[in-house]
Amino acid sequence: MRHNPEEAQRHQKSESGIPAFEAPENPDFPFRLLSRMIHFVLLISRQGKVRLTKWYSPYSQKERTKVIRELGGVILSRGPKLCNFVDWRGFKVVYKRYASLYFCMCIDQDDNELEVLEIIHHFVEILDRYFGSVCELDLIFNFHKAYYILDELLLAGELQESSKKTVARLIAAQDSLVETAKEQASSISNIIAQATK
Amino acid sequence: MGSQGGFYQSKEFLDLVKSIGEARSKAEEDRIVLGEIETLKRRISDPDIPKRKMKEYIIRLVYVEMLGHDASFGYIHAVKMTHDDSLLVKRTGYLAVTLFLNEDHDLIILIVNTIQKDLKSDNYLVVCTALNAVCKLINEETIPAVLPLVVELLAHPKEAVRKKAIMALHRFYQKSPSSVSHLVSNFRKRLCDNDPGVMGATLCPLFELITIDVNSYKDLVMSFVSILKQVTERRLPKAYDYHQMPAPFIQIKLLKILALLGSGDKQASENMYTVVGDIFRKCDSSSNIGNAVLYECICCVSSIYPNPKLLESAADAISRFLKSDSHNLKYMGIDALGRLIKISPEIAEQHQLAVIDCLEDPDDTLKRKTFELLYKMTKSTNVEVIVDRMIDYMISINDNHYKTEIASRCVELAEQFAPSNQWFIQTMNKVFAHAGDLVNTKVAHNLMRLIAEGFGEEDDTADSQLRSSAVESYLHILGEPKLPSVFLQVICWVLGEYGTADGRYSASYITGKLCDVAEAYSDDETVKAYAVTALMKIYAIEIAAGRKVDMLPECQALMEEFLASHSTDLQQRAYELQAVIGLDAHAVESIMPSDASCEDIEVDKALSFLNGYIQDSIEKGAQPYIPESERSGMLNISNFRNQDHHEASSHGLRFEAYELPNQTVQSRIPPASLASTELVPVPEPMYVRESYQTTIVPSASSDAGSTELKLRLDGVQKKWGRQTHSSATSTSSSTSQKTVNGITQVDGSNTSNSRTRETYDSRKQHVEVTPEKQKLAASLFGGSSKSEKKPATGHKIPKPSSHVVEKSHARKSSMEIASEKKASFQQPPDLLDFGEPTVKSAAPSVDPFKELEGLLEPTTQVASDENHGSTTAAAKSPDIMGLYTETHAGIYDKDDSDILSGLSNPPVTNMFGGTTSMQVAQSSKGPNLKDALEKDALVRQMGVTPSSPNPNLFKDLFG
């Protein structure tokens with residue numbers, strides 16, 4: 001019956017056929033999907049407390065809170081022998097538990113999960129080396145240092161450096177430079193102070 | 001430094017963290033944080049806070065924001081902090097802004113100037129910090145402000161800077177491809193950087209570029225293969241080893257790239273077979289990272305042109321994954337199987353029981369992955385089992401996102417492989433009833449179209465059978481309470497179109513049902529609208545058939561209600577219904593022909609039926625219509641707009657000072673014809689400065705810039721690029737000279753493969769299987785090869801004949817590989833020369849290979865093609881390899897020790913001093929234990945993480 005108002009619409013819509021499953025629609029998170037490996041990094045304690053968050057894709061503060069709450073609920077409740085991967089809103093979240101801390105990274109559907117698991121471990125090894133057998137407390141009180149380290153490991157959501165040595169060297173250089181800079185500054189100001197006396 | 005616990009912050013901050021740690025509820029935590037925000041707001045606006053204090057405040061802001069609260073009042077202070085001279089303070093400022101601000105934040109414009117200054121700093125650490133911020137903060141608008149500086153940094157002496165500059169350029173490319181499109185050749189150039197870290201970073205942008213446009217990068221196949229080969233042969237510095245694997249992250253990236261380049265390209269794929277085969281052999285399948293590389297190999301093998309030997313290795317790896325106890329490996333195995341069955345569908349059969357185990361696993365992730373695999377291997381023989389399972393699972397879950405996905409997959413499979421109309425309708429009913437409103441409306445429209453059009457090739461009786469079974473099932477379903485809206489729409493539409501078509505149900509029965517629907521779902525306007533339209537169709541059919549129409553009283557009541565409805569759409573439909581009922585049979589027949597929903601409606605776009613009317617009007621003195629394109633006023637406006645737009649795109653915001661006009665003239669160098677070498681990536685520090693100058697000049701000169709990219713290549717050492725020229729001919733020329741060497745090698749690996757197969761088969765027999773599982777397996781996999789032979793009706797399954805052809809083809813090509821192996825010996829693997837300080841144009845005298853290269857190739861590239869085919873080269877090559885590896889190993893050792901000594905330099909750091917090698921680090925764990933105990937004591941004292949018994953964490957994991 002061609003009188004139907006929905007007719008035209010129907011014909012239009014059916015042109016494209018069934019929606020392909022590769023592109024799940026995400027009305028809640030309409031951010032631009034750049035091809036990047038890691039969308040965000042989360043560190044959550046077993047009690048669901050946030051220890052570190054790094055967002056490589058744009059999320060508003062509200063979305064962030066929602067993401068953390070949702071993922072916390074999913075990941076913390078998973079049993080020990082299950083996969084270290086979780087489907088989440090068309091993405092995958094790879095997580096690994098170290099003692100009472102969960103390291104989570106969100107990636108695209110077709111990325112290599114095992115690789116990301118190793119990136120997490122790589123990060124933990126670097127932290128361990130830096131802090132000297134790292135523990136949750138180190139990260140609680142020195143979260144900004146964990147950020148510096150993460151910034152040397154990942155950049156814009158991509159693995160930037162796969163050599164532990166290089167990362168360690170850069171961080172160490174930054175730390176030591178900061179130290180020497182402070183010393184120098186004080187000594188120069190002392191000299192100036194003395195000279196102008 | 002604060003590495004040993006690092007409690008150097010103020011008491012206040014420690015107290016804050018402590019109290020947050022002790023907070024028993026989210027509400028308590030929020031209260032503490034809000035108090036902290038108040039404190040910070042007060043303090044931070046104080047004009048003279050000491051820097052050190054300010055730095056702590058900013059870190060506290062980061063903390064507050066990390067806990068999910070708004071700290072935007074302090075953003076401006078973080079921005080200010082980036083201006084500071086001291087790196088210590090600056091670093092904190094940059095960290096805070098990268099965490100606080102998204103790329104579209106208003107404050108970014110205030111940081112651009114600082115970033116510009118810092119990118120020019122002579123302290124590379126400042127530059128690094130600024131580059132980190134560039135990657136996060138610079139948006140499309142501000143790219144021009146930093147682009148020239150970043151390009152300049154590509155040639156920075158420090159590898160860390162070059163690496164970050166590459167990543168930054170990659171980000172620019174992602175955000176605004178047009179602004180950096182003339183610079184993409186830099187990525188090729190940096191691919192042969194001396195530092196493996198920079199090379200590794202370059203793979204990210206190249207991967208993306210190749211994803212977008214494969215064909216422009218085919219020339220790099222040999223470069224990538226040779227890099228991968230060198231990586232697997234452990235030619236990279238030891239520092240890149242990870243759990244005894246040589247640079248696995250770089251291997252994975254390279255395999256991803258090769259998968260793209262080899263996809264559907266036989267010639268390119270043939271170059272990859274050897275190295276991928278090597279990785280399969282060498283990979284350590286006991287470590288997680290080894291399996292990650294193996295998985296990537298499988299992905300690569302299933303993407304490139306098929307090679308039987310590699311497919312066999314991939315199948316072996318998959319069966320190892322599936323047999324593993326680890327859920328992770330099973331998951332990867334299922335995923336890999338899904339990729340491989342596209343090429344060789346027969347391998348699914350041997351894993352059927354493993355697949356069913358995964359399907360019944362309590363782990364949701366694994367289950368879903370298995371459903372994905374089943375989805376990929378569905379055919380007409382197993383569609384019923386698979387879709388039924390999917391629907392059962394769909395009903396059992398709550399996750400709406402996944403429910404939607406699995407529902408649409410069910411629909412897709414049902415549409416494609418449905419064995420009978422009856423089954424199809426029932427399946428759709430189940431999907432709609434349970435996934436209801438989650439289903440995309442497209443699916444509903446598809447279903448309606450399907451019922452209307454029938455299955456196409458079959459005769460009309462089958463179609464009408466389909467329709468009547470649909471009508472019958474819908475009338476039955478309408479008895480159920482609470483149906484999803486989309487489903488009701490479908491039901492109404494079908495009842496309207498076909499409710500009375502087969503004569504089994506009377507018009508009054510159907511209209512009664514439709515009225516019930518409209519009443520029961522009175523808050524859903526769409527459903528009501530569908531119901532009214534369906535009623536109108538039923539009555540129209542009745543009138544057209546010459547029967548007398550008497551409206552049911554409930555229907556009349558409904559119409560009266562709708563005539564006064566607030567919804568204009570409902571009102572209109574109701575009035576239309578009234579009008580239709582009043583017409584005679586002939587008029588109704590022509591406005592609403594029966595079962596014509598599939599016929600095309602012809603639309604007269606030129607509105608020719610109005611011609612007479614227009615003619616009349618013009619004769620009466622009306623103005624003729626002037627098309628939009630001919631109206632002069634409009635033309636101007638659009639022109640103006642174009643211009644405006646052009647101007648906006650050419651400069652937009654200007655961040656740099658106006659330059660002197662003659663600068664561009666200087667940078668113009670007469671273009672030289674170097675087409676033969678343009679593809680060769682060459683590191684050349686000088687060039688970057690030049691392109692920078694040209695990029696400032698907008699539009700027209702960017703062309704000049706790109707031609708300049710090709711300049712000044714003579715006399716510079718070529719690294720990985722050279723093989724790309726020889727590759728094309730070397731394969732073809734070497735096929736004629738098959739050597740015994742290559743063939744025997746093939747035999748050897750064949751026997752080893754068959755042996756593994758044997759052991760696998762014998763193990764398989766031991767497994768005891770429950771009858772139900774066997775039954776399920778038989779229904780899923782069609783038992784033995786019976787289903788295999790059945791010609792598949794679906795579109796999904798590749799034609800078996802073409803597959804056989806491919807196979808035989810591939811087998812033939814394996815011979816070629818054997819000889820190709822030989823050819824690859826003869827192709828000199830290039831030196832990575834990692835750690836060599838500068839690019840040398842002259843070959844080092846120690847390197848015998850370079851000398852030979854000089855003999856073989858008298859400078860020109862073109863001539864090398866012929867030389868490569870020559871027998872002398874082939875005969876000599878093995879010896880050369882030997883010499884080459886020896887010398888290279890020597891160089892490499894030296895490099896590595898350099899790095900070591902560089903690291904253990906005294907001024908480097910407090911905690912890394914002396915602990916560079918693993919053994920030393922291990923032994924130094926001793927004193928750390930004490931630290932850990934101290935920390936433990938402190939934890940108890942402070943009450944952080946109260947419920948964890950031992951916060952001394954990673955120790956045992958790393959011990």
Side-chain angles (χ1 to χ4, degrees), chain A residues 1-4 10 13-14 18-19 21 24 34-35 50 53 58 61 65 82-87 89 98-100 112 114-115 117-118 124 128 130-137 140-142 144 147 151 155-156 158-163 165-166 168-170 172-178 181, chain B residues 1 3 6 17 59 66 68 87-88 95 102 125 132 135 160 167 171 174 197 201 204 208 239-240 249 252 288-289 291-292 295-296 327-328 331-332 363 365-366 368 401 405 408-409 412 440 442 445-446 449 533 537 592 596 601 903 908-909 912 928 932 935 939 948 951-955 958:
Chain A
M1 301 263 169
R2 63 183 50 159
H3 202 62
N4 241 349
R10 186 167 72 80
K13 284 208 166 177
S14 54
I18 295 288
F21 72 94
L34 301 176
S35 93
V50 181
T53 58
Q61 189 72 354
T65 317
L82 306 181
C83 286
N84 289 73
F85 326 126
V86 179
D87 278 311
R89 293 181 180 281
Y98 291 90
S100 60
N112 185 338
L114 286 181
E115 186 198 2
L117 208 52
E118 287 308 294
V124 174
D128 192 62
Y130 181 80
F131 287 106
S133 100
V134 68
C135 82
E136 194 175 340
L137 264 188
I140 294 173
F141 287 104
N142 291 297
H144 58 293
Y147 275 124
D151 276 345
L155 194 55
E158 297 276 1
L159 182 68
Q160 151 187 211
E161 182 58 67
S162 59
S163 155
K165 223 179 248 179
T166 312
R169 203 167 31 181
L170 263 173
Q174 286 175 10
D175 285 352
S176 68
L177 187 113
V178 163
Chain B
M1 277 303 295
S3 60
V17 175
I59 289 175
M66 197 169 82
L87 177 59
L88 177 75
L95 176 70
N102 274 335
L125 292 170
N132 279 348
C135 286
M167 306 289 273
R171 293 290 292 143
Q174 287 180 326
C204 300
E208 182 159 340
Y240 285 85
F249 298 107
I252 287 173
N288 196 32
I289 189 68
N291 287 320
Y295 166 78
E296 209 56 58
H327 269 68
N328 288 350
Y331 176 93
M332 299 312 270
D363 186 351
T365 312
L366 190 54
R368 288 177 190 191
H401 186 90
E405 195 176 309
S408 66
R409 281 186 189 183
E412 190 184 336
N440 193 319
K442 270 184 200 161
H445 290 293
N446 261 359
R449 186 186 56 177
T533 309
K537 286 180 198 164
M592 297 193 92
I601 301 166
L903 235 195
V908 175
T909 167
F912 279 102
N928 282 345
K935 279 177 196 167
V939 177
S948 77
N952 166 19
L953 322 179
F954 307 125
K955 185 114 202 75
F958 288 98

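Chain identifiers are assigned alphabetically (A, B, ...) following the order of the sequence lines, protein sequences preceding nucleic acid strands; residue numbering begins at 1 within each chain. Everything numeric here is computed off the predicted structure, so don't read it as measured data.
With respect to chain B, the highest number of heavy-atom pairs below 4.5 Å among A/Val50, A/Leu117, A/Thr53, A/Asn84 belongs to A/Asn84.
With sequence neighbours left out, A/Asp151 forms a side-chain contact (heavy atoms from CB on, under 4.5 Å) with A/Lys54, B/Leu95, B/Asn132. The ring pair (Phe, Tyr, Trp, His ring centres under 6.0 Å) test applied to A/Phe85 returns B/Tyr331, not counting sequence neighbours.
Heavy atoms of B/Ile289 lying under 4.5 Å from chain A belong to its backbone as well as its side chain. Contact of B/Met66 with chain A is made through backbone and side chain together, with heavy-atom distances under 4.5 Å. Looking at A/Gln160, both its backbone and its side chain come within 4.5 Å of chain B, counting heavy atoms on both sides.
Of the possible polar contacts, none joining the A/Tyr98 side chain to the A/Cys135 backbone as a donor-acceptor pair under 3.5 Å is found. Checking side-chain atoms of A/Asp128 against main-chain N and O of A/Val134 turns up a donor-acceptor pair under 3.5 Å.
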